[in-house]
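Accompanying notes for the structure given below.
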Protein chains: 2
Amino acid sequence: VRILDQRALPEAEEWLDCAGADDVRRAIRSLAVRGAPAIGIAAAYAMALAALRSEAGKPSALLADVDRAGRRLLRARPTAVNLGWAVTRVSGAARAAATGGADAVRAAAMDEARRIEADEERAMVAIGELGSTLIEDRANVLTHCNTGLLACGAGFGTALGAVVTAHRDGKEVHVWVDETRPVLQGARLTAWELQRWRVPMTLVADTAAGYLMATGRVDLVILGADRIAANGDVANKIGTYPLAVLAKEHGVPFYVAAPVSTVDLSTPTGAEIAIETRDPDEVSAPRGVRFAPEGTWALNPAFDVTPARLVTAIVTERGIVEPPFRAGLKRLLRTGKGAA
Amino acid sequence: VRILDQRALPEAEEWLDCAGADDVRRAIRSLAVRGAPAIGIAAAYAMALAALRSEAGKPSALLADVDRAGRRLLRARPTAVNLGWAVTRVSGAARAAATGGADAVRAAAMDEARRIEADEERAMVAIGELGSTLIEDRANVLTHCNTGLLACGAGFGTALGAVVTAHRDGKEVHVWVDETRPVLQGARLTAWELQRWRVPMTLVADTAAGYLMATGRVDLVILGADRIAANGDVANKIGTYPLAVLAKEHGVPFYVAAPVSTVDLSTPTGAEIAIETRDPDEVSAPRGVRFAPEGTWALNPAFDVTPARLVTAIVTERGIVEPPFRAGLKRLLRTGKGAA
């Protein structure tokens, strides 16, 4: 499994070769691979690698190895639900093949990982197409973090997929790219992707969003999600919630774009979503450059929760869900795969 | 005139020797000296330097030189009103001394600069003391940008002066320091000052403020101002307005601390305040380190406007003004210097 190391971007395109599940886990943990859908796909292949690399001869021992890898993967990052979703899917497929012997288990795990990737690829294309219908000609779109190909491993991504699709459909679109401190996914990754697709954009500091909205320069906000609770509360990159509050204040539509794999009906509300706290150095010394004086303590929450009441609509591959979200999301998950 | 070069902080303490008004103007323009009150004091000394360095023999020619320096200074930065305020004060004092000859003009200009510095010093102490009454024991205070000694050239500063005064009065205070992108005045300068005064603090990315408020960890916001319009609208460092909207959403008091020299009754509302746009590289390559891909365009507004309705109170050296601000600010400016 080869993973493009997103930590090195945009300065360099470096690839990581992952020989085993633990290599993938480290890549997820260190943000070499990031973005909820991409984490899901990476975790699926990590599970497949765990099955392939296990020397167990009996299906039961092999499944135990796979499950152990799954438990380790789950601890890598707590917020994105796609990780657990992928682990559960591959583990379930492996278990279902156990009667066929160890090789059947290995084949089933790899097949399921491939299926997850293919499913998510189709989902991204559908999200891009559906999301693009929300973007009018000459729209100024504000986005946060990175929700493009890099975050999703497929298509043009979720929220960014909607923007790029609108652009390729011939709409004049301009994107305000939030730099997205502390890890700068906007400045580094979204800017890099939009340059590649030649979508007009302007980078801004995260602090500028209020100014942009107050001066009438934002027509809509569209961004991704790391976990969507059953009631429609959205956990996403830190800084999302302030944008939602500002959008409400200014009557600017606030859209969340994410595959169904990001919806977690077992989490009732945003209050139950674990928020990952990361290394203080991501704040005080980004990209290895110390901003703050030596010895400055920093708090680094990686996500925040946007309450459902601030969300205009959620764009998934199976349709655009409007409030009330609880019923809409439930219906969405019930419709099954082919309902896009 | 010696100026501590704030661009070099916190890595190094470097001093700039300013031989003439133009050196000071460059220091203001380049942010070597920044913060509305400090800009005012620096501009006052720049005017005095212009008078001292002028070789004009006649008062009228000397005043023309001083006025020319004033016009150049005014163009250095558009938003902080203290600049114009100081220029006008020194220029007026110089003009009033013209009947006494050129040397009297020079002496009057220098005297007025010294008086401005002394006035602002007293103002900062008074603001710190008044502001500290708003901070309760065990308060978690969120602040933005730098409003300390560095920004004010005197005392402990305005908003930061209130915090440091509360701390020195024995209150347990903890400060959330917004890093304040793009120029990082929070991470570099506020963290540096609070370390020196040993005030407990935690640095956060600007994106974290919503999370902090939503999780109940902010008791009040206090920050400075670059210009306060007659109706109480406040221009301040970019990112201030989103904090005000968030504070309102969470019922968190939002205080602005500034000397009376920052109040500009000739500006009716925030809509008439010119917002400075600075070099895109401050966003895309902070501290010389390129975050965004080569060729990325960035917009870099340095300030935003917070409408008066979001401001709980304005702390000045002459008292704490509560809404309605128009009447309160007018009364404040009418009471004259000694009314603290």
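Residue numbers start from 1 in every chain, and the chains themselves are labelled A, B, ... in the order their sequence lines are given, proteins ahead of strands.
Taking the side chain as every heavy atom from C-beta outward, F254(A) and L223(A) approach each other to under 4.5 Å.
For L212(B), the part lying under 4.5 angstrom from a heavy atom of chain A is the side chain only. In this structure, no portion of L189(A) lies under 4.5 Å from any heavy atom of chain B. Of the two parts of I275(A), only the side chain, counted from C-beta on, holds a non-hydrogen atom closer than 4.5 Å to a non-hydrogen atom of chain B. Heavy atoms closer than 4.5 Å to chain B are found in the side chain of L184(A), but not in its backbone. Contacts between V289(B) and chain A at a heavy-atom distance below 4.5 Å involve the side chain alone, from C-beta outward.
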Working for side-chain contact (heavy atoms from CB on, under 4.5 Å), residues I222(A) and L220(A):
CA-CA 7 Å; I222(A) 188 163; L220(A) 66 123; 4.1 Å; yes
CA sep, side-chain torsions, deciding dist, call: V283(B), V204(A), side-chain contact (heavy atoms from CB on, under 4.5 Å)
CA-CA 7 Å; V283(B) 177; V204(A) 286; 5.8 Å; no
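What you find for A187(A) and L203(A) is that their closest heavy atoms are CA-CD1, 3.7 Å. In plain terms, the two heavy atoms of G270(B) and A229(B) that are nearest each other are N-CB, 3.8 Å. Heavy-atom minimum distance, A225(B) versus A36(B): O-CB, 3.6 Å. Of all the heavy atoms in G157(B) and C152(B), the pair that sits closest is CA-SG, 3.5 Å. Taking every heavy atom of both residues into account, A32(A) and L16(A) meet most closely at CB-CD1, 3.5 Å.
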Check: every donor-acceptor pair under 3.5 Å linking chain B and chain A:
from    : atom 1 : to      : atom 2 : distance (Å)
E179(B) : OE1    : R181(A) : NE     : 3.4
E179(B) : OE1    : R181(A) : NH2    : 2.6
E179(B) : OE2    : R181(A) : NE     : 2.6
E179(B) : OE2    : R181(A) : NH2    : 3.4
R181(B) : O      : T207(A) : OG1    : 2.9
R181(B) : NE     : E179(A) : OE1    : 3.4
R181(B) : NE     : E179(A) : OE2    : 2.6
R181(B) : NH2    : E179(A) : OE1    : 2.5
R181(B) : NH2    : E179(A) : OE2    : 3.3
Q195(B) : NE2    : E294(A) : O      : 3.2
Q195(B) : NE2    : T296(A) : OG1    : 3.3
L203(B) : N      : W297(A) : O      : 2.8
L203(B) : O      : L299(A) : N      : 3.0
T207(B) : O      : G239(A) : N      : 3.3
T207(B) : OG1    : R181(A) : O      : 2.9
G239(B) : N      : T207(A) : O      : 3.3
Y241(B) : OH     : H250(A) : NE2    : 2.5
E249(B) : OE2    : R309(A) : NH1    : 3.2
E249(B) : OE2    : R309(A) : NH2    : 3.1
H250(B) : NE2    : Y241(A) : OH     : 2.6
E294(B) : O      : Q195(A) : NE2    : 3.2
T296(B) : OG1    : Q195(A) : NE2    : 3.3
W297(B) : O      : L203(A) : N      : 2.8
L299(B) : N      : L203(A) : O      : 3.0
R309(B) : NH1    : E249(A) : OE2    : 3.2
R309(B) : NH2    : E249(A) : OE2    : 3.1

